[in-house]
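The sequence lines fix the lettering, A, B, ..., with proteins before strands; numbering per chain opens at 1. From a predicted model like this one, the values you see are computed outputs, not experimental measurements. Quick note: numbers below take in every heavy atom, side chains included, and nothing from hydrogens, waters or symmetry partners.
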Protein chains: 2
Amino acid sequence: MKYRVFVTLKPGVLDPQGEAIRHALGSLGFEGVNSVRQGKMIELDLAEDDVAKAESIAREMCERLLANTVIEKFQIEAV
Amino acid sequence: MKYRVFVTLKPGVLDPQGEAIRHALGSLGFEGVNSVRQGKMIELDLAEDDVAKAESIAREMCERLLANTVIEKFQIEAV
């Protein structure tokens with residue numbers, strides 16, 4: 001099973017990378033950028049074929065390694 | 001208009017971050033991980049309301065700043 005995991009900062013958590021991108025876009029002449037937030041996308045290719053099992057493995061991977069659940073949230077999407 | 005931009009390494013380009021995650025998952029006892037690739041997700045909130053114009057702005061932002069099109073590909077998705 002293949003999954004795409006999206007890890008993003010929770011709302012309200014300061015995102016300096018996103019702010020840096022917003023400033024850089026401004027310097028390049030792009031106007032009207034209200035906000036920019038940067039997150040991570042992780043593509044997992046798991047050997048497990050059972051959909052329910054594979055999804056539960058992916059979720060555990062997020063909780064234990066991929067996301068810092070204190071400040072980040074994650075979303076798992078089958079590909 | 002709000003967009004999600006996904007920037008990933010082109011197939012064949014070595015992904016050390018993804019490899020590091022794969023090893024870390026192995027150390028945590030997760031088996032059967034065929035591959036891991038890491039990419040970036042950028043959430044853009046643009047003031048432009050015209051769908052066609054906003055999408056073309058987002059595309060230009062990717063080409064000029066967000067993605068290194070030599071080694072990365074990008075995908076834009078309206079939210």
**OP:** Verify the cluster assignment for A/Leu14 and A/Ile71: are they in a single hydrophobic cluster under the rule of side-chain heavy atoms below 4.5 Å apart?
**Re:** no
Original post:
chain B heavy atoms under 4.5 Å from A/Arg22: which part of the residue, side chain, backbone, both or neither?
Top reply: neither
Original post:
Relative to chain A, which segment of B/Glu60 carries a heavy atom at a distance below 4.5 Å: side chain, backbone, both, or neither?
Top reply: both
Original post:
Hey, what do you get for CZ (B/Arg4) to CZ (A/Phe6), rounding to the nearest 0.5 Å?
Top reply: 5.5 Å
Subject >> 4.5 Å side-chain heavy-atom contact, B/Asn34 and A/Leu46 >> reply: no
Subject >> Co-membership, hydrophobic cluster, residues B/Phe74 and B/Met1, 4.5 Å side-chain >> reply: yes
Subject >> Any B/Met41 side-chain heavy atom under 4.5 Å of A/Gln38 side chain >> reply: no
Subject >> Neighbour count >12 (heavy atoms, 6.0 Å) for atom NZ, B/Lys2 >> reply: no
**OP:** To the nearest 0.5 Å, tell me how far B/Lys40 NZ sits from A/Gln17 CD.
**Re:** 8.5 Å
Original post:
If two hydrophobic side chains count as joined below 4.5 Å and joins carry through other members, does B/Val79 share a cluster with B/Ile76?
Top reply: no
Subject >> Side chain proximity check, A/Val36 to B/Asp45, heavy atoms < 4.5 angstrom >> reply: no
Subject >> chain B contact via A/Leu66 - side chain, backbone, both or neither, heavy atoms under 4.5 Å >> reply: side chain
Original post:
Who among A/Ser35, A/Gly18, A/Gly32 has the most heavy-atom pairs with chain B under 4.5 Å?
Top reply: A/Ser35
Subject >> Option in A/Leu65, A/Val5, A/Leu44 with maximal non-hydrogen atom pairs under 4.5 Å from chain B >> reply: A/Leu65
Original post:
How long is the span from the CD1 atom in A/Ile21 to the CD1 atom in B/Ile42, to the nearest 0.5 Å?
Top reply: 4.5 Å
Subject >> Heavy-atom side-chain contact between B/Met61 and A/Leu25 under 4.5 Å >> reply: yes
